[in-house]
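Every number for a ligand or one of its atoms is a count from 1 in the order of the listing.
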Amino acid sequence: MEVSKETEVSESQIAVHWREEEYYEPPARIREVGNADPTIRERFAEEHYPDCFVEYAEMLTWDKKWDTVLDTSNPPFWRWWVGGKLNACVNCVDRHLEARGDRNAIIWVPEPEADETQEITYAELHRRVNEFAGLLRDFAGVETGDRVTFHLPMVPELPVAMLACARLGVIHSEVFGGFSGTACGQRMADAVSTILVTMDAYYRNGELIDHKAKADEAIEAAREEGTEVEKVLVFRRIPGEYHSNSPMVEGRDFFVDELLAQYAGKEVEPVSMPADGTLFLMYTSGTTGRPKGAQHSIGGYLSYVTGTSKYYQDIHPDDTYWCFADIGWITGHSYIVYGPLGLGTTTVMYEGVPTIARPSRPWRIAEKLGVDIFHTAPTTIRMLRKLGADEPAKYDLHFKTMTTVGEPIEPDVWRWYFHTVGKDEASITDTWWQTENGGFLGSTLPGLEKMKPGSCGPGVLGVYPVIKDEEGNEVPAGSGKAGNICIRNPWPGSFLTIWGDPDRYVQTYYAKYNRDPKSTDWHDWPYFANDGAMQAADGYFRILGRVDDVINVAGHRLGTKELESAATEVDEIAEAAAVPVIDELRGRAVEMYVSLKPGVEASEKVSDKVTKQIEKEIGKIARPKNVWIVADMPKTRSGKIMRRVIASISNFADVGDVTALANPEIVASINEYVRAQKVARGDVPRELSEQELAEIKAFGQVE
Ligand code: 6R9
């Protein structure tokens with residue numbers, strides 16, 4: 001059945017060499033306990049759109065019900081639940097107090113294993129959120145509509161601060177803790193945000209690292225762009241101690257714990273907010289220029305993450321749910337904080353890295369806490385497999401659903417996740433979506449829909465995707481052709497706009513396929529996701545990566561993900577990345593970067609195996625010019641490989657801005673190694689033209 005197929009393509013399409021994978025039936029357990037009932041697809045069928053989403057809105061508690069479900073009067077700035085009023089914090093905290101006040105809202109696991117796990121009940125969360133809201137309002141002077149920036153690691157103070165802002169109708173903007181101070185400051189300037197909430201230090205990889213030092217850089221970077229930071233609120237990771245070399249600046253920097261004493265037991269009235277008000281900004285990098293602040297709504301967003309958490313992750317209040325990701329990524333906002341707390345469940349947060357106390361710290365956490373829903377990214381799954389493919393068997397793990405998000409998951413990795421981690425008992429939800437979307441766009445319903453490794457599934461409830469070619473023609477399911485995946489209709493979780501740049505919002509996501517800029521009919525405004533994909537005859541989508549992620553070898557367009565998937569089929573390989581190198585003969589050639597499983601020695605034999613596997617799976621055309629064996633790849637906060645950085649290295653170009661990397665230190669060592677090897681092999685590329693440089697630098701932008 002697994003025949004390799006290659007199809008004729010036009011210039012706009014990516015050649016597809018993936019083979020069709022076999023189906024997996026939902027395991028028995030999830031069919032019994034699952035939330036989804038078999039009529040649900042019918043309830044969300046297109047003839048019931050947009051009212052089908054009322055089901056999601058009704059999961060929330062409203063101060064005032066909406067007048068209009070979907071307002072399309074100012075296209076493509078869609079507004080949901082217009083006229084409705086609510087408070088996001090009330091929905092995630094207050095309304096659970098009566099029934100679940102003494103149940104855990106958050107379980108926080110610090111990185112040092114000997115340190116005590118913190119259990120925060122809904123009552124305790126309510127207390128902490130109110131006190132911090134009081135401090136923000138009365139001490140920091142923030143008002144409804146202001147932007148407050150957090151540069152916080154994975155500590156409970158982060159969701160507390162988010163919910164405190166939500167309570168006040170203040171817009172929060174969390175910058176991933178691993179980003180540099182400069183990256184944080186630039187985002188503060190973009191949002192014109194004058195209050196920074198940070199922490200002195202946190203544990204990462206076994207070390208208590210200085211974090212407050214980054215605040216000083218942030219303030220400098222914001223100042224350069226014209227924004228003066230007025231107050232820095234500093235939490236202390238270890239009560240009463242200060243673990244930073246950065247001096248506290250009198251009148252500007254304050255220890256939160258010292259201020260909080262005045263707010264003990266304080267209750268702050270939640271501000272009743274319009275549904276289409278703004279809950280938060282989440283910055284994501286664009287192909288060019290400044291990071292974009294995806295601006296998310298209160299009512300639309302909250303209803304969407306609550307509804308999708310229920311149906312796609314099967315979260316019930318009594319579950320113990322662990323999303324092993326960072327809150328500084330959209331996944332953490334939607335599926336560590338707002339979705340799970342909207343449903344009143346227990347959400348687990350872990351401070352540290354998977355590789356600490358190897359090989360099995362994550363499995364010990366899951367076993368000890370009785371986690372029954374697990375959620376993480378392919379990069380973490382690959383890392384866990386690399387650390388110890390047999391480890392999950394040694395632990396008493398019983399997941400009912402397991403989510404994957406962030407990248408296409410290689411079928412081989414999917415099968416390890418399903419069989420070894422899930423022990424054939426858990427359903428896998430592969431969820432495709434983006435920062436801009438608020439919540440899942442493509443996935444399968446656990447318990448109801450068959451799974452297919454490497455494919456996310458069909459459009460989720462109430463979301464109707466389509467694949468278009470460059471001219472806007474529909475590429476039919478089962479045609480074997482790839483194109484640009486679009487969503488035909490608005491959905492409640494979609495962002496309101498790009499903060500401060502509505503034109504860029506229209507240009508990036510809607511202009512490409514809009515039929516009439518004046519039309520107030522949503523049918524005329526397909527959302528262009530900027531991802532390449534193909535749809536099988538069964539309606540399932542296989543995401544091939546960003547549209548600018550394609551390597552054109554002698555006119556043959558190759559998707560990076562399939563090259564990488566072929567490489568990871570080699571036993572010794574843990575992770576792989578494909579990038580283009582300018583090639584006089586073929587236009588572009590493929591170059592591979594691979595990292596090895598532990599215990600495997602780097603050797604020419606391993607590189608040759610990678611080359612052979614790619615030739616076998618894809619064809620001679622894809623034969624890599626070089627296979628570089630490296631210790632790790634440069635990655636984003638969500639573990640996506642920053643291909644443009646290694647593409648620059650391969651082409652001897654400047655690596656550019658690495659402030660949005662989670663591990664910038666890796667860049668210099670890869671650069672040195674690859675350059676030296678290339679020089680030794682006489683493989684130094686000629687000077688690139690401006691256009692070629694631009695292509696390399698934009699290659700494979702992922703977020
Ligand atoms: C949630 C998140 C968005 C880009 C997206 C796509 C890739 C995410 C995926 C996936 C294949 C999946 N992506 N999930 N590709 N299968 N299940 O990741 O947001 O960080 O903004 O990235 O990630 O290319 O366009 P974000």
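- Nearest-residue assignment for atom 23 (O) of ligand 1 (options Glu407, Arg542, Lys640; heavy-atom criterion): Lys640.
- Note: His333 and Tyr338 have tilted aromatic rings, judged against thresholds of 30 and 60 degrees for the angle between ring planes.
- Ser427 and Thr401 share no donor-acceptor pair across their side chains, judged by distance under 3.5 Å alone.
- Scanning all heavy atoms of the two residues, the minimum distance from Lys386 to Ser595 falls at NZ-OG, 4.0 Å.
- Near Trp329, the atoms of ligand 1 lying under 4.0 angstrom from a non-hydrogen atom of the residue are 2 (C), 18 (O), 19 (O), 20 (O), 26 (P).
- For ligand 1, none of its N or O atoms has an N or O atom of Thr404 under 3.5 Å away.
- At a 3.5 angstrom cut-off on N or O pairs, Glu436 does not count as close to ligand 1.
- Checked for salt-bridge contact, Lys512 and Glu470 meet the test: a charged N lies under 4.0 Å from a carboxylate O.
- Less than 4.0 angstrom separates some heavy atom of Val405 from each of these atoms of ligand 1: 1 (C).
- Close contacts between ligand 1 and Pro408 involve ligand atoms 11 (C), 15 (N), 16 (N) [criterion: under 4.0 Å to a heavy atom].
- Under the 4.0 Å criterion applied to side-chain N and carboxylate O atoms, Glu351 and Arg204 are not assigned as salt-bridge partners.
- Atoms of ligand 1 lying under 4.0 Å from any heavy atom of Thr431, numbered from 1 in the order shown and given with element: 9 (C), 12 (C), 14 (N), 17 (N).
- Where the criterion is an N or O separation shorter than 3.5 Å, residue side chain and backbone included, Thr331 fails it with respect to ligand 1.
- You'll find the side chain of Leu496 stays beyond 4.5 Å of the side chain of Phe77, heavy atoms only.
- Below 30°, between 30° and 60°, or above 60°: for His296 and Phe495 the angle between ring planes is between 30° and 60°, a tilted geometry.
- Residue contact annotation: Cys456 has no non-hydrogen atom under 4.0 Å from ligand 1.
- In the vicinity of Asp531, heavy-atom distances shorter than 4.0 Å reach the ligand 1 atoms 5 (C), 6 (C), 24 (O), 25 (O).
- Contact annotation: for Asn530 versus ligand 1, there are no heavy atoms closer than 4.0 Å.
- For Asp538 and Lys450, the salt-bridge test fails: no basic side-chain N is under 4.0 Å from an acidic carboxylate O.
- Not a single N or O atom of Ala529, backbone or side chain, sits closer than 3.5 Å to an N or O atom of ligand 1.
- Taking the charged nitrogens against the carboxylate oxygens, Arg415 and Glu22 do have a contact shorter than 4.0 Å, which makes a salt bridge.
- Taking distance alone, with nitrogen or oxygen atoms compared against 3.5 Å, Thr284 stays at or beyond that limit from ligand 1.
- For ligand 1 and Thr435, the ligand atoms under 4.0 Å from any heavy atom of the residue are 19 (O), 20 (O), 21 (O), 26 (P).
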